[in-house]
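Structure first, then comments.
These figures come from a predicted structure and were not determined experimentally.
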Amino acid sequence: MKKRYILSAILFVFATGAFAQQDAQFTLFQWAMPYYNAGAIGEQSNTLCFTGIFRQQYAGWNDTYIDEGGNTQKFNTSPQQIYLSMESYLRKLHGGLGVTFIKDKIGYFNNIGVKLGYSFKFRIPTGSIGIGLQVQMLSQKLDGSHWHPTQENDPLIANISGDESWLDLDFSAGIYYKADRWNAGIGATQIAEKIRLSGDEQSYKMSRNLYFHGGYTWVLPWDPSWEIIPQALIKTDLATAQFDLMVLARYNGILWGGLSYRIQDAVSVLFGARPFYNSSNNYLKGLEMGLGYSFTTSKLGYKPDRSYGDIEIMLRYCFDIYKEEVFSGYGSTRNIYKNVY
C-alpha cells in the first residue's frame with residue numbers, strides 16, 4: 001500500500017516551500033537549451049526557429065486511494081511537460097531574441113510559464129559567446145480536491161482545500177560558448193526564487209537552479225559522413241544534483257540516433273531526422289523531428305500502478321531570415337568581410 005503513495009509523496013516534497021519545486025526536465029534537452037540557459041537564445045545564426053517538445057513522464061502511474069465508501073479510486077498523477085519556443089538572431093540587436101512557453105503538470109500542480117529573453121552575441125578568435133537574460137511570468141495552480149492523505153491533520157496540507165493559484169515573477173541568466181566542434185555553458189533559473197504578484201506569500205515557490213552543460217562533435221576520420229556527439233547536462237539546486245548523459249550518432253546530417261542516461265531515473269533511446277537537410281529548398285531543409293522513449297530504472301517503475309516509461313516528441317523548424325549577400329563589381333575591400341555578429 002505504501003508504494004502507491006511514493007510518487008505523490010515525492011511530488012509533494014519537491015513542491016513545498018521548504019524544498020521548493022524544480023524546473024521541468026527534458027530528455028531531448030539539447031533542443032530546449034534556451035529554457036535552461038538564456039545565453040543560448042538565437043544561437044543558430046541568421047535564422048528564425050520554432051521548437052516544440054511534448055513529454056509524458058512516468059506514463060501509466062496512478063495515485064490509488066480508498067474513498068469514503070470504501071471503494072478503490074485512481075487518479076492519474078504522471079507528470080506532463082509541453083515546451084514551445086520561438087527564437088531568432090537579429091543583426092540590429094547584435095544578439096538573439098526569444099520567447100519560451102512551458103506547461104509543467106506534476107502531480108497535483110499545474111505550472112504555466114512564459115519567458116522573454118535576449119542574448120548578446122560577440123565573437124572571439126576561437127568561437128562566439130552569448131550572454132543572456134530572461135524575464136519569466138509563472139502561474140501556478142494546485143489541485144487540492146483529489147488529495148487523500150493517509151494521516152489525518154497533516155500539518156503540511158491541513159490549510160489547503162480545493163484549488164489554489166498564484167502568480168510569480170522571476171529571472172534567468174546564462175553564458176554560452178560555441179566553438180567549431182564543441183560548446184559549453186552555465187545557466188541559472190529562478191534567480192529571485194519568487195517575487196509574488198498574487199496569492200499567499202507563505203505558499204510554494206520555485207527553487208533556484210544551476211545548469212552546467214557541454215557537448216562535442218567528433219567526425220569519424222575514416223568516414224566523415226558519420227558524427228559522434230556526446231553531451232552532458234548537470235542540474236543542481238545546491239542541495240541535490242542530477243546528471244543527464246547523452247551520446248548521439250548522426251549520419252550525413254540527416255539521420256541521428258543514440259542513448260541517454262539520467263542517473264537513478266531512466267535509460268532512453270533516441271531517434272531523429274532532418275529529412276530535407278540536403279534539399280535545395282531553404283524553406284524545407286530546416287525541418288527536424290525527434291522521438292525519445294525512456295525506460296524507468298527507479299522504484300517508480302515497479303508494480304503496482306507502475307510507470308511504463310517516458311515518451312518525448314520533438315519538432316523544430318528553422319529558416320533563414322536574411323538573404324545571402326552577393327558581392328560583385330568594384331568596391332572597397334572593407335565591405336568584403338562581414339562579421340556574422
Side-chain angles (χ1 to χ4, degrees), residues 26-35 40-55 83-91 96-98 119 121 123 126-128 130 176-185 213-232 246-260 268-293 311-328 336-341:
F26 297 95
T27 302
L28 298 169
F29 58 83
Q30 177 187 359
W31 289 267
M33 197 52 65
Y35 177 70
I41 297 173
E43 200 48 48
Q44 307 221 17
S45 301
N46 301 330
T47 62
L48 175 63
C49 287
F50 300 88
T51 305
I53 301 176
F54 170 80
R55 181 177 188 233
Y83 169 87
L84 299 172
S85 73
M86 179 181 70
E87 55 175 317
S88 177
Y89 174 79
L90 301 175
R91 292 178 181 175
L97 191 66
S119 176
K121 310 289 185 180
R123 280 196 172 276
T126 58
S128 64
Y176 182 81
Y177 172 76
K178 183 178 180 181
D180 183 40
R181 289 295 177 186
W182 66 279
N183 63 81
H213 60 89
Y216 182 80
T217 301
W218 179 46
V219 180
L220 298 185
W222 58 88
D223 189 353
S225 61
W226 283 95
E227 296 175 327
I228 307 299
I229 310 171
Q231 298 181 77
M246 178 193 301
V247 178
L248 299 177
R250 186 164 58 195
Y251 177 70
N252 271 340
I254 300 175
L255 298 175
W256 54 263
L259 299 174
S260 177
S268 307
V269 180
L270 311 172
F271 300 97
R274 297 179 64 180
F276 306 104
Y277 179 74
N278 293 323
S279 172
S280 59
N281 190 328
N282 290 329
Y283 293 100
L284 290 177
K285 65 188 307 179
L287 179 65
E288 184 173 11
M289 300 170 286
L291 176 66
Y293 182 81
I311 301 173
E312 193 160 317
I313 301 171
M314 181 276 297
L315 182 65
R316 168 175 280 187
Y317 177 63
C318 300
F319 62 92
D320 293 338
I321 57 175
Y322 297 106
K323 292 183 179 180
E324 184 178 354
E325 295 180 346
V326 178
F327 301 97
S328 61
I336 295 178
Y337 172 77
K338 291 184 179 292
N339 193 316
V340 69
Y341 294 141

Do [X] and [Y] have side chains that get closer than 4.5 Å, going by heavy atoms?
X: Arg55; Y: Tyr83; result: no
X: Leu28; Y: Leu291; result: no
X: Val219; Y: Arg181; result: yes
X: Met289; Y: Pro275; result: yes

Heavy-atom pair of closest approach, residues Leu97 and Ile41: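 Closest heavy-atom pair between Leu97 and Ile41: C-CG2, 3.6 Å.
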Heavy-atom closest contact (Ala179 atom, Tyr177 atom, distance):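 Heavy atoms only, the tightest pair is CB-OH, 3.7 Å.
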Plane angle bin for Tyr317 and Phe319 - parallel if under 30°, tilted between 30 and 60°, otherwise perpendicular: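 The arrangement is tilted - the two ring planes meet at 30° to 60°.
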From NZ (Lys178) to CZ (Arg123), nearest 0.5 Å: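 That separation rounds to 9.5 Å.
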Residues that Arg274 engages under side chain to side chain donor-acceptor pair (under 3.5 Å), provided they are two or more places apart: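 Arg274 satisfies side chain to side chain donor-acceptor pair (under 3.5 Å) with no residue once adjacent residues are dropped.
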Ser280: side chain to side chain donor-acceptor pair (under 3.5 Å) partners, not counting sequence neighbours: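 For Ser280, no residue satisfies side chain to side chain donor-acceptor pair (under 3.5 Å) once neighbours in sequence are set aside.
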Quick one: does [X]'s side chain have a donor or acceptor within less than 3.5 Å of a partner on [Y]'s backbone?
X: Tyr35; Y: Leu84; result: no
X: Gln231; Y: Gln30; result: no
X: Ser88; Y: Thr47; result: yes

Pairs touching residues 246-255 that satisfy side chain to side chain donor-acceptor pair (under 3.5 Å), sequence neighbours left out: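 Side chain to side chain donor-acceptor pair (under 3.5 Å) check on residues 246-255 returns Glu227-Arg250.
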Thr217 and Ile229: CA distance, side-chain angles, deciding distance, side chain to side chain contact (heavy atoms under 4.5 Å, CB included) verdict: CA-CA 5 Å; Thr217 301; Ile229 310 171; 4.2 Å; yes
Any side-chain donor near an acceptor of the partner, Thr51 and Arg316, under 3.5 Å: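 A pair is found: one side chain offers a donor N or O, the other an acceptor, under 3.5 Å apart.
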Test applied, ring pair (Phe, Tyr, Trp, His ring centres under 6.0 Å); reference residue, His213; option that passes from Phe29, Tyr176, Trp182: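 The ring pair (Phe, Tyr, Trp, His ring centres under 6.0 Å) with His213 is passed solely by Tyr176 among Phe29, Tyr176, Trp182.
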